[in-house]
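Before any comments, here is the structure.
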Amino acid sequence: MIPPSFCYLKFHPQRWGWWLPFFLLWPLLLLLVLLVLPFWLLAGLFLVWFPAGRAILAAPVLVYELFCSLRGLTVKVQDGLNDISIKLI
């Protein structure tokens, strides 16, 4: 599964849009994961015999899968005067 790389925001009355590159955030996110990883593993090892401990160990994988499933999502918000559309590519 591949996470979204770009977000396209379009504001319809102005007829222009912004491309936001998500792939530039991946190195920062990787650094954050590496900093949190030891604490997450310790918490999971101490709580592995309890259902909550298994959920703690499975949480990062589930969050990654959730974020990857957002690829291709399109959200359109409309009111009387303004239209905004958001596309995750």
Side-chain angles (χ1 to χ4, degrees):
M1 296 178 77
I2 300 172
S5 299
F6 293 98
C7 178
Y8 182 66
L9 299 172
K10 186 168 184 178
F11 304 96
H12 290 287
Q14 288 85 12
R15 302 281 186 228
W16 52 274
W18 290 343
W19 285 97
L20 302 174
F22 279 161
F23 65 89
L24 295 176
L25 298 176
W26 296 136
L28 295 174
L29 186 62
L30 180 63
L31 180 64
L32 179 68
V33 167
L34 290 176
L35 289 173
V36 174
L37 185 66
F39 302 108
W40 168 71
L41 285 175
L42 282 174
L45 288 175
F46 285 123
L47 299 173
V48 74
W49 294 280
F50 302 105
R54 289 186 215 115
I56 288 173
L57 287 174
V61 175
L62 296 175
V63 169
Y64 178 75
E65 288 180 3
L66 176 69
F67 191 66
C68 288
S69 67
L70 292 177
R71 188 178 184 103
L73 177 71
T74 301
V75 177
K76 294 183 179 182
V77 179
Q78 300 175 348
D79 67 0
L81 301 173
N82 300 321
D83 298 337
I84 299 173
S85 51
I86 301 169
K87 295 180 185 178
L88 296 176
I89 301 170

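Keep in mind it's a predicted model, so treat the numbers as computed, not measured.
For Tyr8, the ring pair (Phe, Tyr, Trp, His ring centres under 6.0 Å) partners are Trp19, not counting sequence neighbours. Every side chain to side chain contact (heavy atoms under 4.5 Å, CB included) that Leu32 has, sequence neighbours left out, goes to Leu29, Val36. The ring pair (Phe, Tyr, Trp, His ring centres under 6.0 Å) check on Tyr64 picks up nothing, with sequence neighbours excluded. Annotation: side chain to side chain contact (heavy atoms under 4.5 Å, CB included) contacts of Leu62 (sequence neighbours excluded): Ala58, Glu65.
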Considering only distance and modelled atom types, tabulate donor-acceptor pairs under 3.5 Å from the side chains of residues 73-89, sequence neighbours left out.
residue, atom, partner, partner atom, Å
Asp79, OD1, Leu81, N, 3.1
Asp79, OD1, Asn82, N, 2.7
Ser85, OG, His12, NE2, 3.3

Can you give each donor-acceptor pair under 3.5 Å made by side-chain atoms of residues 38-57, sequence neighbours left out, with the distance rounded to 0.1 Å?
residue, atom, partner, partner atom, Å
Trp40, NE1, Ile56, O, 2.6

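Rounding to the nearest 0.5 angstrom, the gap separating the CG atom in Leu35 from the CG atom in Leu30 is 9.5 Å.
In this pair, Phe11 and Trp16 present their aromatic rings tilted. The plane angle is within the 30 to 60° band.
Two residues are said to be in side-chain contact when any heavy atoms from C-beta on lie closer than 4.5 Å; Phe22 and Ser5 fail this criterion. Within the 4.5 Å cutoff, the side chain of Cys7 has no heavy atoms near those of the Trp18 side chain.
The two residues Ser69 and Leu66 come nearest to each other via the heavy atoms OG-O, 2.6 Å. Nearest heavy-atom pair across Cys68 and Pro4 is CA-CD, 4.4 Å.
Val63 and Phe67 end up in different hydrophobic clusters when Ile, Leu, Val, Met, Phe, Trp and Tyr side chains are linked at under 4.5 Å. Linking ILVMFWY side-chain heavy atoms closer than 4.5 Å, directly or via other members, places Leu24 and Leu70 in a single hydrophobic cluster.
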